[in-house]
Each structure stands twice: as structure tokens, then as C-alpha cells.
Amino acid sequence: MRYQSRNATAVTSTARYPTATHRPPQLVLARLMDSGEPEAHLRFVRRRHRRRRDTMLRAVAERLPKARVHGAAAGLHLMVTFDGTSFSDTAVAEAALALGVKAHPLSWHQLRPGPPGFVLGYAAGPAGEIEEGVAVLGRALRACVRDQRH
């Protein structure tokens with residue numbers, strides 16, 4: 001059997017490859033690639049992630065006004081730092097987790113001391129959850145900073 005694809009040619013022969021179980025998936029993949037469905041799905045996912053990223057950027061600007069965002073142009077996470085401030089990002093992350101929001105403290109990823117911050121992912125949740133999550137993180141941050149002063 002021979003199937004001609006725009007991208008590749010897959011050839012199978014039960015006489016030549018009697019136990020070759022990898023050939024049928026190649027045919028399925030070739031047909032899938034020809035259908036255009038993967039490209040359509042990628043366009044859909046890119047739009048969805050762009051909306052979620054934009055939602056997180058707006059929420060960070062509104063709820064974490066002293067935050068500086070890094071890495072917004074690529075990936076599925078934002079790195080948020082707080083220059084000129086001093087607080088325990090691990091304490092804030094623990095407080096946020098107790099309220100149901102997971103944020104990775106930036107200090108977990110730093111090789112050298114640096115400003116406190118967080119790595120925030122936006123791929124898994126819808127816009128409403130992203131907005132609420134950043135709001136909760138902001139409340140946890142303000143509570144930890146307030147407790148640190150007293």
C-alpha cells in the first residue's frame with residue numbers, strides 16, 4: 001500500500017514488514033497532516049493562550065502594580081519581579097496556596113540572590129480563574145508585607 005502525502009510518503013508492505021506495527025500510525029499521521037486539522041487546532045490554541053496571557057498581564061497590572069513582568073512574548077508562563085521591595089516570596093506563595101492559588105516563588109529558580117517574585121502559568125485556566133488567582137496572590141502579598149512590618 002502506498003499513500004502520497006504533501007509532506008511525506010509512507011510505504012507499507014505486509015510481505016516485507018509482516019510485524020511492522022509502526023506503519024499504520026504513519027498513514028494515520030500522514031492523513032491527519034493532509035487534512036489541515038493540526039494547523040487549525042494550533043491556531044485555536046494560540047488564540048486561546050494569547051487571550052489568557054493578555055488577561056494575566058492586565059490582572060498583574062491592576063492587582064500587583066509594583067510588579068515588573070518578564071517573558072510575556074513567549075511561553076506559557078510569566079516571570080514577575082518586585083524590584084526595590086523586600087519580602088519572602090516563599091511566604092507569599094504559601095499564603096496564596098492556602099487560599100487555593102499556586103504560584104512558584106522565583107527564589108526557587110534563582111542561582112544568585114535577586115528580587116523576590118513569582119513564576120505564574122496561564123495555560124491551564126480560563127480568564128476568570130486567572131483574574132481571581134492574581135487577585136488572591138495580591139491579597140496574600142499585601143498580608144505578608146503587612147505582617148512583616150509588624
Side-chain angles (χ1 to χ4, degrees), residues 3-10 12 20-150:
Y3 177 75
Q4 182 69 38
S5 167
R6 285 183 304 183
N7 303 321
T9 301
T12 63
T21 57
H22 63 281
R23 296 298 182 187
Q26 287 178 344
L27 291 174
V28 171
L29 180 60
R31 289 183 181 137
L32 180 64
M33 297 303 288
D34 279 344
S35 74
E37 288 179 37
E39 291 87 359
H41 179 69
L42 286 174
R43 284 191 300 275
F44 169 77
V45 170
R46 283 185 191 122
R47 282 190 303 270
R48 180 176 64 191
H49 288 152
R50 188 176 305 117
R51 284 191 305 270
R52 290 177 178 179
R53 180 204 58 208
D54 293 347
T55 297
M56 182 171 277
L57 288 169
R58 279 190 302 276
V60 166
E62 292 170 9
R63 304 295 185 149
L64 305 171
K66 294 183 180 180
R68 196 170 102 196
V69 177
H70 310 267
L76 299 173
H77 295 81
L78 298 179
M79 184 175 81
V80 178
T81 60
F82 297 84
D83 298 325
T85 59
S86 178
F87 63 87
S88 169
D89 56 7
T90 56
V92 174
E94 287 174 13
L97 187 58
L99 298 170
V101 173
K102 187 174 185 179
H104 287 260
L106 189 57
S107 60
W108 287 358
H109 305 280
Q110 293 172 327
L111 297 176
R112 291 180 224 132
F118 305 98
V119 177
L120 305 174
Y122 55 82
E129 288 180 13
I130 291 169
E131 291 169 342
E132 179 59 24
V134 174
V136 167
L137 182 62
R139 287 194 297 273
L141 174 60
R142 286 186 293 282
C144 285
V145 169
R146 185 175 50 246
D147 292 346
Q148 183 178 328
R149 289 182 189 155
H150 295 101

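Fair warning: this is a prediction, and the values are worked out from it, not measured in the lab. For the single chain, residues carry numbers from 1 onward in sequence order.
Applying the ring pair (Phe, Tyr, Trp, His ring centres under 6.0 Å) test to every pair with at least one member in residues 30-64, sequence neighbours left out, gives no pairs at all. Annotation: side-chain hydrogen bond (donor to acceptor under 3.5 Å, both in side chains) contacts involving residues 104-124, sequence neighbours excluded, comprise Asp89-Ser107. Screening residues 115-125 for salt bridge (charged side-chain N to carboxylate O under 4.0 Å, His left out), with sequence neighbours left out, gives no hits. Under the salt bridge (charged side-chain N to carboxylate O under 4.0 Å, His left out) criterion, no residue pair touches residues 92-103, with sequence neighbours excluded.
In terms of heavy atoms, Ala140 sits closest to Ala96 at CB-N, 3.8 Å. Shown here for Pro105 and Phe118, the closest heavy-atom pair between the two residues is CA-CD2, 4.1 Å. Here the closest heavy-atom approach between residue Ala95 and residue Cys144 is recorded as CB-SG, 4.0 Å.
Put simply, CZ on Arg47 and CG on Leu42 are 11.0 Å apart, with the number rounded to the nearest 0.5 Å. Atom CZ of Arg48 and atom CZ of Arg53 lie 14.5 Å apart (nearest 0.5 Å). Interatomic distance, CZ of Arg52 versus CZ of Arg50, reported as 13.5 Å (0.5 Å rounding).
Shown here are the side-chain hydrogen bond (donor to acceptor under 3.5 Å, both in side chains) partners of Thr85, two or more places apart in sequence or in another chain: there are none. Shown here are the salt bridge (Lys or Arg N to Asp or Glu O under 4.0 Å) partners of Arg142, two or more places apart in sequence or in another chain: there are none. For Asp54, there are no salt bridge (Lys or Arg N to Asp or Glu O under 4.0 Å) partners, not counting sequence neighbours. In this structure Glu132 satisfies the salt bridge (Lys or Arg N to Asp or Glu O under 4.0 Å) test together with Arg139, sequence neighbours excluded. By the side-chain contact (heavy atoms from CB on, under 4.5 Å) test, Pro38 pairs with Leu32, Met33, Ser35, sequence neighbours left out.
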Under 3.5 Å, which donor-acceptor pairs do the side chains of residues 63-79 form with other protein atoms, sequence neighbours left out?
residue : atom : partner : partner atom : Å
Arg68   : NH1  : Asp83   : OD2          : 2.7
His70   : NE2  : Thr81   : OG1          : 2.8

- [ ] Step by step, work out the side chain to side chain contact (heavy atoms under 4.5 Å, CB included) result for Val80 and Leu137.
- [x] CA-CA 12 Å; Val80 178; Leu137 182 62; over 6 Å; no
